[in-house]
S.K.: 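I'd like to ask you about the structure that follows.
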Amino acid sequence: MNEIITGIDIGTSKVCTIIGQCDKNGELRIIGIGMYPCNGMKKGVVVDIETTAFSIKKSIEQAERMANQKVTSVYIKIPGGLTEIYRNKGLVAVTRDDKEITDQDVERVLQAAKIMALPSDKQIIELIPIEYIVDGYGEIKDPVGMAGIRLEVDAAIVTGSLTAVQNMEKCVKKAGYNMSGIIVEPLATAEAIMTKDEKELGAALIDIGAGITDIAVFKSGNLIYTGMIPVGGNHITNDLSIGLKISFEEAEIIKKKYGSVVKLENNDETVKIANIANHSSQDTKLNDIIDIIEARVSEILTMIYEEMKSSNVIDLVSTNIVITGGGITFIKGSLDLAESILGKNVRLGLPDAIGVSTPIYSASVGIVKYVYANRKYLYKKQGEIPKEKDKKKNGVFLRIKEWFNDFWI
């Protein structure tokens, strides 16, 4: 067993690629890492197919060289903020003479749960079983092998923008690769950086990227809420660029080198930076730089709090708020500030893998780990991303007809 799994995180500022391989013992190892700048995405959606495809290709090529493996197909992620979660139930009859529930019965009941009216611009991205019910007895996690006459499932249906998915698929194909599947970002990232207890007892995952911030809440082991705010690390850089009258590139360097929200008392230390207004160098107080950064970081964290409060999920967090992504995590004092504004325990989320133990790889590592953990289910789904020409085949009435055929076998 040595198949490879490739996950790519297509972000606002970069494309990260991770190649994982199952070794002979069935364990997952990270064997390839790639990262390339990208400016073809804005607020989680593709705005330039050519640019995004080029960045995807370059990022994958880097990972291929490191892994000494050729990639043909990849898994990508969709930001949680571009998805919606619905609850739905499925019901089928157990058809075997001995009434033993099989994998086929589970597959049929999951397909039955997908029968729901969807807007024309939405598609089902993921189906998450909450519990199985056998002849009225619930809270069953895996019914295979049990005896019963009637099998039900209570499931969370995650839907996403059809346009967003199709444009990302076009980018992947233009780069020369097939798309094996699309994973909801919070599910993937949580696989890499959250504990089982956190997801069970109630925790939030905040992924602050360059252009957007993804918010997700888990309870009883399930993803129950996703949201997004259109701000991220690039807004801090932009503030520095405008406030100090320097180029965006120079501002990014200043942010990474001196990034902090902790003001230095009685400190007149200055930093020499290049002013683009008069084409000369200038001395700027370090505390002035910190003031600009602190103001924007506070605003981002306050927006996160207000989004969670207005969605009635802030009180569901009984363990930790896990912050990851490259937006603010490297800024000194940002986690303490987050704890103060959000009013919850806050910790940094890092992938636990050699060579990728940094927040910028959380999503891409998470994709690979999520696919590995759910490979039995996901491998069956390869190639199921609906094409435009197949939309008629996925109509509600046809699916209802297929369900009745299944039920009365």
S.K.: Are more than 12 heavy atoms, taken from residues, nucleotides or ligands other than Y137, located less than 6.0 Å from that residue's OH atom?
M.R.: no
S.K.: Could you check whether E185 pairs with K77 (Lys NZ or Arg NE/NH1/NH2 to Asp/Glu carboxylate O, under 4.0 Å)?
M.R.: yes
S.K.: If only atom types and distance count, is the side chain of D105 paired as donor or acceptor with the main-chain N or O of T102 below 3.5 Å?
M.R.: yes
S.K.: Tell me whether the count of non-hydrogen atoms from other residues, nucleotides or ligands lying under 6.0 Å of CG in D98 goes above 12.
M.R.: yes
S.K.: Does a salt bridge link E198 with R347, judged by any charged N lying under 4.0 Å from a carboxylate O?
M.R.: yes
S.K.: Do the side chains of I157 and I85 get nearer than 4.5 Å, heavy atoms only?
M.R.: no
S.K.: Can you confirm whether I18 sits close enough to I367 that some side-chain heavy atom of one is under 4.5 Å from a side-chain heavy atom of the other?
M.R.: no
S.K.: Any non-hydrogen side-chain atom of I56 less than 4.5 Å from a side-chain atom of T17?
M.R.: no
S.K.: Who are the side-chain hydrogen bond (donor to acceptor under 3.5 Å, both in side chains) partners of N178, not counting sequence neighbours?
M.R.: none
S.K.: Between Y361 and I33, does the side-chain contact (heavy atoms from CB on, under 4.5 Å) criterion hold? Intermediate values first, please.
M.R.: CA-CA 9 Å; Y361 289 117; I33 306 167; 3.5 Å; yes
S.K.: Only counting residues at least two apart or in another chain, list the ones meeting side-chain hydrogen bond (donor to acceptor under 3.5 Å, both in side chains) with E299.
M.R.: R296
S.K.: Taking the side chain as C-beta and beyond, is there a heavy-atom pair between I125 and T159 under 4.5 Å?
M.R.: no
S.K.: Please name all residues satisfying side-chain hydrogen bond (donor to acceptor under 3.5 Å, both in side chains) with T51, sequence neighbours left out, ordered by chain then number.
M.R.: D48
S.K.: Does D135 reach the main-chain N or O of R150 with its side chain, forming a donor-acceptor pair under 3.5 Å?
M.R.: yes
S.K.: Ignoring hydrogens and angles, state whether a donor on the side chain of S310 or E306 is under 3.5 Å from an acceptor on the partner side chain.
M.R.: no
S.K.: We want to know whether N234 and T237 form a side-chain donor-acceptor pair, criterion being a heavy-atom distance below 3.5 angstrom.
M.R.: no
S.K.: If the test is side-chain contact (heavy atoms from CB on, under 4.5 Å), which one of V46, V172, V47 qualifies with T52?
M.R.: V46
S.K.: Can you check side-chain contact (heavy atoms from CB on, under 4.5 Å) on T189 and T324, steps first, answer last?
M.R.: CA-CA 9 Å; T189 305; T324 192; 4.0 Å; yes
S.K.: Begin with the C-alpha distance, continue with both residues' side-chain angles, and end with the deciding distance and a verdict on salt bridge (Lys or Arg N to Asp or Glu O under 4.0 Å) for K196 and E200.
M.R.: CA-CA 6 Å; K196 183 178 180 180; E200 190 67 33; over 6 Å; no
S.K.: Enumerate donor-acceptor pairs with a distance under 3.5 Å from any side-chain N or O in residues 215-226 to protein atoms, sequence neighbours excluded.
M.R.:
from, atom 1, to, atom 2, distance (Å)
K219, NZ, L201, O, 2.9
N222, ND2, S220, O, 3.2
Y225, OH, E307, OE2, 2.6
Y225, OH, S311, OG, 3.2
T226, OG1, G80, O, 3.0
T226, OG1, T83, OG1, 3.3

S.K.: Using side-chain heavy atoms (C-beta onward) and a distance below 4.5 Å, is D154 in contact with R87?
M.R.: yes
S.K.: So, K255 and E252, do they make that salt bridge, N to O below 4.0 Å?
M.R.: yes
S.K.: Would you say that Y36 contacts Q62 through its side chain, given a criterion of any heavy-atom pair below 4.5 Å between the two side chains?
M.R.: yes
S.K.: Given the rule in the salt bridge (Lys or Arg N to Asp or Glu O under 4.0 Å) test, do E50 and K174 qualify, once you have shown the distances and angles that lead to the verdict?
M.R.: CA-CA 8 Å; E50 291 284 347; K174 195 166 190 65; 3.3 Å; yes
S.K.: Tell me if the NZ atom of K43 is crowded by more than 12 foreign heavy atoms within 6.0 Å.
M.R.: no
S.K.: Give a yes or no answer on whether the side chain of R108 reaches the backbone of L91 with a donor-acceptor pair at less than 3.5 Å.
M.R.: no
S.K.: List for me each residue that meets side chain to side chain contact (heavy atoms under 4.5 Å, CB included) alongside K332, sequence neighbours excluded, and say none if there are none.
M.R.: S260
S.K.: Compare all side-chain heavy atoms of K369 with those of L28 and state whether any distance is below 4.5 angstrom.
M.R.: yes
S.K.: To the nearest 0.5 Å, tell me how far I289 CD1 sits from K263 NZ.
M.R.: 12.5 Å
S.K.: Under the side chain to side chain contact (heavy atoms under 4.5 Å, CB included) test, which residues partner E249, sequence neighbours left out?
M.R.: S247
S.K.: How about V134 and I140: do any of their side-chain heavy atoms sit closer than 4.5 Å?
M.R.: yes
S.K.: Any salt bridge between R29 and E27, counting N to O under 4.0 Å?
M.R.: no
S.K.: Start with the C-alpha gap between N238 and S241, add the side-chain angles, then the distance that decides, and say whether side chain to side chain donor-acceptor pair (under 3.5 Å) holds.
M.R.: CA-CA 5 Å; N238 193 58; S241 176; 5.2 Å; no
S.K.: Strictly distance-based, threshold 3.5 Å: is any side-chain N or O of S334 a donor or acceptor partner for the main-chain N or O of I331?
M.R.: yes
S.K.: Any salt bridge linking E152 with K89? Criterion: basic side-chain nitrogen under 4.0 Å from a carboxylate oxygen.
M.R.: no
